[in-house]
Amino acid sequence: EESRTNLVSYSEYTGTTVQTSGTVNNWGLLFTDSGSASLTPGIDAPDGSNNAVRFTNNNTGFSILRFNINEFTPNGTDSYTLSFWAREISGTGAMSCDLHDGGPGGTWTDQLVTNKWIRVVKSGVSSNAAKTFLDVINNINNNRVVDFWGVQLEQGAFATSYIPTSGSTVTRAQDTPLITGTNFTDFYNQSEGTLVLSADIGYLATSNQAAVAFEDTSNVSATFIAMGYNTGGGGSGTAGAWYNSSGTTSAFAAHSIGITINTEFKQAYAYKLSDFSSVANGSTPITDTSGGLTSLIDRVRFGIYH
């Protein structure tokens, strides 16, 4: 999973005094048209804690549940994703969410399930105005009771795993799954071998998304074998395999097989001195009869390369 930052300063309710006007410092309630609502802490949350909070709208006036975020100004073209967990207790009527001065937002009531936690996710491009808060219940005007937990706002077109915060933004480092040491040397052959990949991908807009890379730890950008979606170039829907030795490409193969989102593709890549071959989804093999090898590859990295 890639690195992301939760821009919400308090992702969970901390039991501080609830503000009822102005820009909130934590979780706050704002009322218009004689609205009235309350927040009750100590509710069981999806992670097994009791850090969720219950929102209760007490009458027919408008009540807004507002969250402080780290002030930032997007460029007007970047996508942001808002996510939170919600559980309906009682009530009816539409609810909506929005980021201060423009997206992501929209109605989400239809996703609710009585007495069951669900994660609401809304993505969109934010305007370039300064952002200071977000509302997850906006202008509700009915007797509604809903539990909330785990609010997250992140730059990106899709939601990632939850990043807890308590008073400031938090950045989660990129996940990097590896096979190293004897776990690697027990199976990898430096002089020849065949690698077989079965994979799918959920996002096609970015090129060079290697599903797996065999690489030299000391210089990952110079020496590697990479396999996966659009690896090393090629058009959309292309699977590729790339053998690079000390900064020089020994062999590169690109297969136009029409890769689509969440659909498995299969690829095999064979390497030997001046003898390379690649095939994907049963297509015609691509061969290369020149090119050197390296003895420096010492690990496997999944999900990304240099």
Pairwise salt bridge (Lys or Arg N to Asp or Glu O under 4.0 Å) hits with a residue in [range], at least two apart:
range            : result
residues 81-95   : Asp44-Arg87, Arg87-Asp147, Glu88-Arg144
residues 106-131 : none
residues 286-304 : Glu215-Arg299, Glu215-Arg301

Would you say [X] and [Y] are hydrophobically clustered, going by side-chain heavy atoms of ILVMFWY under 4.5 Å?
X      : Y      : answer
Leu293 : Phe214 : yes
Leu197 : Tyr188 : yes
Phe148 : Leu153 : yes
Val8   : Leu29  : yes
Val146 : Val113 : yes

Side chain [X], main chain [Y], donor-acceptor under 3.5 Å:
X      : Y      : result
Asn281 : Lys266 : yes
Thr238 : Ala254 : no
Asp275 : Thr289 : no
Thr294 : Ser245 : no
Thr81  : Phe158 : yes
Ser218 : Asp216 : no
Ser63  : Asn57  : no

Residues [X] and [Y]: side-chain donor-acceptor under 3.5 angstrom:
X      : Y      : answer
Thr5   : Gln155 : no
Ser278 : His255 : yes
Tyr162 : Ser11  : yes
Asn75  : Asp78  : yes
Asp47  : Ser49  : yes

Could you give the distance from [atom1] ([X]) to [atom2] ([Y]), rounded to the nearest 0.5 Å?
X      : Y      : atom1 : atom2 : result
Trp149 : Asn50  : CH2   : CG    : 12.0 Å
Ile137 : Met95  : CD1   : CE    : 5.0 Å
Ile297 : Asn244 : CD1   : CG    : 9.5 Å
Thr171 : Ile163 : OG1   : CD1   : 7.0 Å
Leu7   : Leu134 : CG    : CG    : 9.5 Å
Ser79  : Glu154 : OG    : CD    : 11.5 Å

Q: For Phe84 and Trp108, run ring pair (Phe, Tyr, Trp, His ring centres under 6.0 Å): C-alpha distance rounded to whole Å, both residues' side-chain angles, the deciding distance at 0.1 Å, then the answer.
A: CA-CA 11 Å; Phe84 55 90; Trp108 53 272; 5.1 Å; yes

Determine whether [X] and [Y] make a side-chain contact, defined as any pair of heavy atoms from C-beta on separated by less than 4.5 Å.
X      : Y      : result
Ile118 : Val120 : yes
Ile201 : Ile261 : no
Cys97  : Leu82  : yes
Ile89  : Arg54  : yes
Tyr269 : Thr194 : no

Q. Under the side chain to side chain donor-acceptor pair (under 3.5 Å) rule, what pairs show up with a residue in residues 200-212, not counting sequence neighbours?
A. none

Heavy atoms only: give me the nearest [X]-[Y] pair and the separation to one decimal.
X      : Y      : answer
Pro74  : Ser127 : CG-O, 2.9 Å
Thr165 : Ser9   : OG1-O, 3.1 Å
Val121 : Gln111 : N-OE1, 4.5 Å
Asn6   : Val151 : ND2-O, 3.2 Å
Phe187 : Ile179 : CE2-CG2, 4.1 Å
Asn68  : Thr132 : OD1-O, 3.5 Å

Q | Whichever hydrophobic residues join Tyr305 through chains of side-chain contacts under 4.5 Å | A | Phe224, Trp242, Phe252

**Q.** Sub-6.0 Å ring centroid separation between Trp85 and Trp117
**A.** no

(Q) Would you say the ring centers of Phe276 and Tyr243 fall short of 6.0 Å from each other? (A) yes

Q: Check step by step if side-chain contact (heavy atoms from CB on, under 4.5 Å) holds for Leu39 and Leu65.
A: CA-CA 9 Å; Leu39 295 178; Leu65 178 57; 4.0 Å; yes

Q. Quick one: salt bridge (Lys or Arg N to Asp or Glu O under 4.0 Å) partners of Glu71, sequence neighbours excluded?
A. none

Q. Can Val53 and Glu12 be said to form a side-chain contact (heavy atoms from CB on, under 4.5 Å), step by step?
A. CA-CA 8 Å; Val53 67; Glu12 302 173 18; over 6 Å; no

Q) Using 4.0 Å as the upper bound for N to carboxylate O, is an ion pair formed by Arg172 and Glu1? A) yes

Q. In this structure, which one of Phe55, Tyr10, Tyr13, Trp27 forms a ring-ring contact (aromatic ring centres under 6.0 Å, His included) with Phe67?
A. Trp27

Q: Check the pair Thr160, Glu2 against side chain to side chain donor-acceptor pair (under 3.5 Å), reporting the backbone distance first and the verdict last.
A: CA-CA 8 Å; Thr160 64; Glu2 64 191 77; over 6 Å; no

